[in-house]
Number of protein chains: 2
Amino acid sequence: MWLRPERRVRDRRLSRERIVRVVVEVLDAEGHDGLSMRRVAERLGVTPGSLYWHVATKDEMVELALDAVLGEVDIAAAERMADWRQALLTVAQAHRAVMLRHRWMIPLLSTRRTLGPNALRAAEHTLRVLSRAGFDEDMLDAALSALNQLVVGAVVFESAWREGAEAAGRADDHQREEAAEFARRIGERHPLLAAARFATDPPDREDVWADRFAFGFGCLLNGLEAYRSAPETR
Amino acid sequence: MWLRPERRVRDRRLSRERIVRVVVEVLDAEGHDGLSMRRVAERLGVTPGSLYWHVATKDEMVELALDAVLGEVDIAAAERMADWRQALLTVAQAHRAVMLRHRWMIPLLSTRRTLGPNALRAAEHTLRVLSRAGFDEDMLDAALSALNQLVVGAVVFESAWREGAEAAGRADDHQREEAAEFARRIGERHPLLAAARFATDPPDREDVWADRFAFGFGCLLNGLEAYRSAPETR
DNA sequence: ACCTGAACACCGTTCAAGT
DNA sequence: ACCTGAACACCGTTCAAGT
């Protein structure tokens with residue numbers, strides 16, 4: 001009896017938090033196709049089936065991971081800014097950066113609404129900034145929608161390009177040749193597209209993409225503000 | 001891949017075209033998760049392995065389906081319009097409608113660039129309209145990017161909501177109750193979000209969404225035009 | 001309460017063999 | 001040239017059984 005160890009609370013090897021952390025790691029490292037219950041379980045030193053005690057499905061697991069990374073968006077910094085345009089651009093840029101850091105999350109945005117605590121917090125913040133900027137209630141979520149849409153749309157295209165660039169990095173000579181031939185044909189049949197260098201062969205420089213984004217975002221802000229000031233002029 | 005010629009026709013039961021048509025059917029009916037090589041083969045009365053004679057991977061098959069549906073975007077109608085704003089809005093709306101009709105394509109947009117013939121044709125067209133509207137070469141693809149981004153972003157959010165609405169339709173009473181409780185909590189902690197009815201509980205009416213889209217698109221167009229007319233004012 | 005072990009039904013892909 | 005048949009290595013999920 002003296003030898004019998006004290007009955008202690010069974011130390012759980014698993015928890016949602018621990019699982020989600022590993023899920024994010026795997027997704028960051030291997031992408032969506034590299035994620036499997038077995039892989040996550042293996043990294044946790046556990047059996048695949050055990051994950052189902054903490055999580056209903058793989059889908060739910062991914063959803064938790066999605067909101068977890070949304071928590072990386074730094075809202076506090078923008079909150080203190082006096083200029084509302086600067087504040088909005090700052091959150092948008094932070095949002096954009098997070099999505100580009102975890103590109104696997106981008107395809108998920110169209111298959112479910114993001115209603116996790118972090119997503120809600122971010123939306124509420126943006127509404128607060130818009131509200132203080134003088135947008136009235138009716139225009140508030142129209143403006144929020146448009147701005148969010150532009151941010152998400154921007155990362156969709158940038159992500160697509162980056163995936164392509166990485167695939168090109170893995171390509172062999174033959175594939176490279178094929179790609180060059182293909183680009184040439186685009187030029188022949190689509191003169192304007194060929195001239196628009198950014199569209200066909202954008203530079204692999206983060207700052208150029210960031211400037212691009214700021215430009216589009218600024219134009220949209222201008223358009224929204226113009227409407228707010230004079231709705232009747234269309 | 002767009003360069004690789006299709007294999008010569010003899011008397012074949014399969015062809016890329018036939019395969020792609022079935023793939024689109026399956027995707028429309030069952031969504032991305034419902035697509036499998038076996039299912040496609042079954043519908044074609046053929047063995048799964050045989051598909052690999054016509055197509056390198058499942059991924060390539062999906063890519064072909066993606067460009068196929070992009071071909072549904074009606075460009076000709078907009079091409080004849082005198083007013084460039086009207087023309088741009090019209091193509092954008094057509095593009096939007098196609099993506100909402102085939103929602104499975106939306107998550108694909110961020111994982112690969114769309115370089116199929118139909119995608120290129122659409123881009124060239126939009127550039128032509130912008131060019132005629134007086135946007136000079138430097139601003140041309142900046143404008144194209146921003147506009148495309150808004151369109152894609154808009155369908156991402158709308159698709160997310162529609163998927164959620166369909167899931168809600170399949171929910172049982174308990175889940176419904178849970179959802180109501182959840183919405184109530186949002187209101188408590190996020191007053192502005194709760195007030196923005198469209199953000200929390202948008203109407204299930206296509207015309208309202210369409211108006212929303214036109215509004216955001218119009219604002220962006222105004223912002224772009226303002227910049228074109230007077231770049232120095234920021 | 002929490003996890004194991006083993007199973008089930010399904011995948012994408014390959015490839016020798018047939019025609 | 002085009003397709004079959006069968007196999008391989010991998011899935012998500014379930015669940016009785018253990019502790």
Side-chain angles (χ1 to χ4, degrees), chain A residues 1 3-24 26-27 29-66 104 107-108 111-112 167 170, chain B residues 1 4-27 29-66 104 107-108 111-112 167 170:
Chain A
M1 166 220 279
L3 289 176
R4 198 172 61 227
E6 189 183 354
R7 179 178 162 76
R8 62 203 160 89
V9 182
R10 232 165 113 73
D11 54 352
R12 309 192 329 169
R13 314 163 59 187
L14 253 38
S15 69
R16 273 202 180 176
E17 206 186 5
R18 262 169 65 67
I19 293 174
V20 169
R21 189 183 305 126
V22 169
V23 171
V24 171
V26 173
L27 286 169
E30 318 273 354
H32 188 267
D33 290 347
L35 181 75
S36 73
M37 301 303 273
R38 283 166 163 85
R39 211 185 225 315
V40 171
E42 189 190 26
R43 283 225 198 190
L44 287 162
V46 106
T47 280
S50 69
L51 298 173
Y52 288 87
W53 181 261
H54 302 270
V55 127
T57 62
K58 185 189 182 188
D59 234 50
E60 177 181 306
M61 216 175 66
V62 170
E63 204 159 345
L64 290 167
L66 177 58
W104 50 266
L108 301 176
T111 58
R112 65 198 105 240
R170 290 188 299 269
Chain B
M1 116 191 217
R4 200 160 56 243
E6 196 179 355
R7 301 229 181 232
R8 228 183 49 250
V9 185
R10 255 180 113 174
D11 62 340
R12 308 179 313 177
R13 316 164 56 187
L14 254 40
S15 68
R16 272 198 184 175
E17 206 186 6
R18 262 170 64 69
I19 293 173
V20 168
R21 190 183 306 127
V22 169
V23 171
V24 171
E25 281 173 20
V26 173
L27 286 169
E30 318 273 353
H32 188 266
D33 290 347
L35 181 74
S36 74
M37 302 304 272
R38 282 167 164 83
R39 211 185 225 315
V40 171
E42 190 190 23
R43 284 226 199 189
L44 287 161
V46 107
T47 280
S50 70
L51 297 173
Y52 289 87
W53 181 260
H54 302 270
V55 127
T57 62
K58 184 190 183 188
D59 234 51
E60 179 182 305
M61 216 175 67
V62 171
E63 204 160 344
L64 290 167
L66 178 58
W104 50 266
L108 301 176
T111 58
R112 62 198 109 238
R170 290 188 298 269

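Here is the naming used below: chain letters follow the sequence lines, and residue numbers restart at 1 for every chain. Atom set for the values below is all heavy atoms of this structure, side chains included, hydrogens, waters and symmetry mates excluded.
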Inset, instruction - Between A/Ser15 and B/Arg39, name the one whose nearest nucleotide on DNA chain C is closer to the 5' end. - result: A/Ser15
Legend entry - Pair A/Arg43-A/Arg21, side chain to side chain contact (heavy atoms under 4.5 Å, CB included): steps then yes or no: CA-CA 11 Å; A/Arg43 283 225 198 190; A/Arg21 189 183 305 126; over 6 Å; no
Inset, instruction - Please tell me which of B/Pro48 and A/Ala56 maps to the more 5' nucleotide of DNA chain D, matching each residue to the nucleotide holding its nearest heavy atom. - result: B/Pro48
Legend entry - Separation of D/dC11 P from A/Met61 CE (nearest whole Å): 12 Å
Inset, instruction - Starting from P on C/dA17, measure out to OH on B/Tyr52 and report it in whole angstrom. - result: 22 Å
Inset, instruction - May I ask you to evaluate whether B/His54 reaches the phosphate of D/dC3, defined as a side-chain N or O under 4.0 Å from OP1 or OP2? - result: yes
Inset, instruction - Output yes when at least one side-chain N/O atom of B/Arg13 is less than 4.0 Å from OP1 or OP2 of D/dT4, else no. - result: yes
Legend entry - Short side-chain to backbone donor-acceptor contact, B/Thr47 and B/Ser50, under 3.5 Å: no
Legend entry - Atom-pair distance (CE on A/Met37; C1' on C/dT4), nearest Å: 15 Å
Legend entry - Under 4.0 angstrom between A/Ser50 side-chain N/O and C/dT4 OP1 or OP2: yes
Inset, instruction - Quickly, which of A/Val20, A/Val23, A/Leu66, A/Val22 forms a side chain to side chain contact (heavy atoms under 4.5 Å, CB included) with A/Met61? Name it, please. - result: A/Val23
Inset, instruction - Examine C/dC11: is either OP1 or OP2 under 4.0 Å from a nitrogen or oxygen in the side chain of B/Ser36? Give yes or no. - result: yes
Inset, instruction - Measure the distance from CD1 on A/Ile19 to C1' on C/dC2 and round it to the nearest whole Å. - result: 11 Å
Legend entry - Selection from C/dT13, D/dG12, D/dC3 that lies nearest to any side-chain heavy atom of B/Lys58: C/dT13
Legend entry - Main-chain N/O of B/Gly45 paired with B/Arg13 side-chain donor or acceptor, under 3.5 Å: yes
Inset, instruction - Look at B/Trp53 and D/dC3 and indicate whether a side-chain polar atom (N or O) is within less than 4.0 Å of OP1 or OP2. - result: no
Inset, instruction - Please say whether more than 12 non-hydrogen atoms of neighbouring residues, nucleotides or ligands are located less than 6.0 Å from CD in B/Glu25. - result: yes
Legend entry - Rounded distance in Å - CZ (B/Arg38) to C1' (C/dT13): 9 Å
Legend entry - Base-pairing mate for C/dT4 - Watson-Crick or G-U, with both contacts under 3.5 Å: D/dA16
Legend entry - Between C/dG12 (P) and B/Asp59 (CG): distance, integer Å: 11 Å
Inset, instruction - Provide the Watson-Crick or G-U wobble partner of C/dC11, both distances under 3.5 Å; none if there is no partner. - result: none
Inset, instruction - Whole angstrom is fine here: how far is it from CG in B/Asp33 over to C1' in C/dG12? - result: 15 Å
Inset, instruction - Using atom CG of A/Leu51 as one end and atom P of D/dG12 as the other, report the distance to the nearest whole Å. - result: 10 Å
Inset, instruction - Could you check whether A/Leu44 gets within reach of a base, just the sugar-phosphate, or nothing at all, counting any heavy atom under 4.0 Å? - result: nothing
